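Beneath this line is the structure, given in structure tokens, with notes to follow.
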Amino acid sequence: MPQTLCPNCGHSPIPRGARACPSCGEPFDHLQSHKKVGRMRLDRPMVEADDDATVFGGDLVTSAVSAHPGPAAGVLLASAAAWFVRAAGLLGSLEDPTWTYGLVCLGAVLALVLVLNRGPAKGMAQVGVVVQLLATGWLAREAPLAPVHVAYFILGVLALVMVVGEPGPMRRYLGLGLGLGAAVASAGLLALPIAGTSGAGVRQSLVGSELGYRLELPAGWGQLTREQLAPHLVLPASTLQGGGVGFGDMAQGRYGLLWVERGTGKAAAVGCKGLLQALGGTLGEAVSLPAPPALGSKATVHPLRTPGGAGGTLACGVLADGRLVGLAVVAAQASGGADEVAFTTVGAGLALQ
């Protein structure tokens with residue numbers, strides 16, 4: 001018959017529900033486990049409690065879930081945000097395929113899985129981050145040493161470090177800080193012009209949502225300020241109705257600008273003449289070089305000579321909605337056919353909405 005005994009003096013049996021030992025007076029109610037110990041069968045072995053077990057399944061030894069999922073989830077969310085900026089081309093375009101949006105969803109889902117902390121959450125996160133790293137490497141195959149690709153790869157490595165094992169306090173908070181910094185740096189590098197062999201294949205996108213334009217620059221070209229354009233090209237000051245953006249490849253001595261002006265109500269010839277005057281150039285006879293497709297079939301192309309001595313081409317036209325659009329590309333030193341190729345290449349990347 002099952003018996004009970006006093007843990008202090010060994011007296012047995014102990015009456016059911018007793019709060020103290022009848023023999024030595026040892027109280028039971030101050031013990032955390034007095035109700036279990038007092039009525040434990042002597043013929044049944046004790047089972048040790050699993051101190052590492054979690055309330056969601058799994059344990060800290062197998063790392064099925066995490067005791068502190070917040071920092072790792074924060075890095076994954078920051079990674080998803082950085083990939084969204086890249087996929088949407090908000091700061092610059094790398095001409096990534098549309099499935100890049102899948103990496104955005106992957107990062108967000110993995111962060112949610114870690115926060116829910118159920119089942120093999122850590123294992124799922126590890127597999128997902130490895131997939132993201134493989135995709136990052138594939139997207140960087142043409143320019144693996146480009147700073148923007150290196151930054152995104154470092155971001156993936158930091159995310160992987162955060163989901164391997166159970167990180168201690170130092171790894172959690174240091175990883176969170178480095179991960180957030182890497183996400184900001186990765187997105188920020190999209191807005192910088194990248195030249196040289198390490199940046200080959202990386203293209204910057206100039207977007208003007210208010211004026212309705214998007215210009216994909218050739219590899220090695222980037223946005224330039226008014227000061228960087230001078231003295232080769234003059235960027236007119238923005239007005240309430242229009243504005244422009246400068247760009248170029250300073251290493252090759254090529255400069256350009258895009259000007260968009262809303263609702264001028266002017267004829268194409270008058271508007272183009274005024275734009276030429278604002279650029280400090282003179283209007284020459286139209287040439288047979290085709291205008292960029294985005295300007296329409298009625299756009300005209302003129303040779304352009306600036307006061308700084310640069311020479312190139314200006315395409316100008318009025319769209320159906322009345323916007324005046326001008327695209328100019330000049331070279332510090334004229335090189336004939338190469339100048340026309342540069343103008344054509346830049347014009348092919350122009351899209352108007």
Side-chain angles (χ1 to χ4, degrees), residues 206 208 211-218 221-239 241-250 252-352:
L206 306 180
L211 295 175
Y213 69 82
R214 182 187 185 92
L215 180 61
E216 300 282 350
L217 297 175
W221 291 56
Q223 183 175 354
L224 300 180
T225 64
R226 179 176 283 101
E227 292 74 18
Q228 290 173 314
L229 287 176
H232 311 288
L233 196 58
V234 177
L235 179 61
S238 299
T239 65
Q241 298 298 323
V245 60
F247 53 87
D249 183 354
M250 299 181 68
Q252 299 294 328
R254 302 190 183 280
Y255 306 87
L257 65 82
L258 173 66
W259 178 265
V260 181
E261 190 171 354
R262 294 186 296 259
T264 61
K266 301 176 182 178
V270 176
C272 293
K273 183 177 180 180
L275 179 57
L276 272 169
Q277 292 175 348
L279 297 177
T282 55
L283 183 63
E285 294 294 332
V287 297
S288 59
L289 189 67
L295 295 183
S297 58
K298 296 183 179 180
T300 57
V301 179
H302 302 269
L304 175 63
R305 177 66 61 177
T306 68
T313 309
L314 169 69
C316 183
V318 176
L319 305 182
D321 58 7
R323 282 181 295 169
L324 172 68
V325 181
L327 177 68
V329 177
V330 300
Q333 295 180 353
S335 55
D339 297 339
E340 295 182 357
V341 172
F343 173 78
T344 302
T345 303
V346 172
L350 176 61
L352 298 169

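The structure displayed is predicted, hence computed values, not measured ones.
Ring geometry, W221 versus F247: the interplanar angle falls from 30° to 60°, so the pair is classed tilted.
In plain terms, the two heavy atoms of Q223 and Q228 that are nearest each other are O-OE1, 4.2 Å. Closest of all the heavy-atom pairs between C316 and L324 is SG-CD1, 3.6 Å. A332 and Y255 make their closest contact through CB-CE1, 4.4 Å (heavy atoms, listed as atom of the first residue, atom of the second, distance). Pairing each heavy atom of A342 with each of R254, the nearest pair is CB-CD, 4.0 Å. Nearest heavy-atom pair across L304 and A328 is CD2-CB, 4.0 Å. In terms of heavy-atom proximity, A310 sits nearest to V330 at CB-CG2, 3.9 Å.
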As a quick check of understanding, evaluate side chain to side chain contact (heavy atoms under 4.5 Å, CB included) for L258 and V325, giving each step before the final call.
CA-CA 7 Å; L258 173 66; V325 181; 4.0 Å; yes
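Atom CD of Q241 sits about 10.0 Å away from atom CG of L211, to the nearest 0.5 Å. Put simply, NE2 on H302 and CG on L289 are 12.0 Å apart, with the number rounded to the nearest 0.5 Å. Rounded to the nearest 0.5 angstrom, L279 CG and L235 CG are separated by 8.5 Å. Distance check, rounded to the nearest 0.5 Å: CZ of R262 to OG1 of T239 gives 8.0 Å. Atoms CG and CG, from L257 and L327 in turn, are 7.5 Å apart once rounded to the nearest 0.5 Å. E227 contributes atom CD, which lies 9.0 Å from atom CG of L229 (distance to the nearest 0.5 angstrom).
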Return a table of donor-acceptor pairs under 3.5 angstrom between the side chains of residues 343-352 and protein atoms on other chains or two or more places apart.
unit_1 : atom_1 : unit_2 : atom_2 : d
T344   : OG1    : E340   : O      : 2.9
T345   : OG1    : V341   : O      : 2.8

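Contact check for V329 versus T313: no side-chain heavy atoms found under the 4.5 Å cut-off. Under the 4.5 Å side-chain criterion, counting only non-hydrogen atoms from C-beta, Y213 is in contact with V245.
Judged by distance alone, with hydrogens and angles left aside, the side-chain atoms of T306 form a donor-acceptor pair with the main-chain N or O of H232 at under 3.5 Å.
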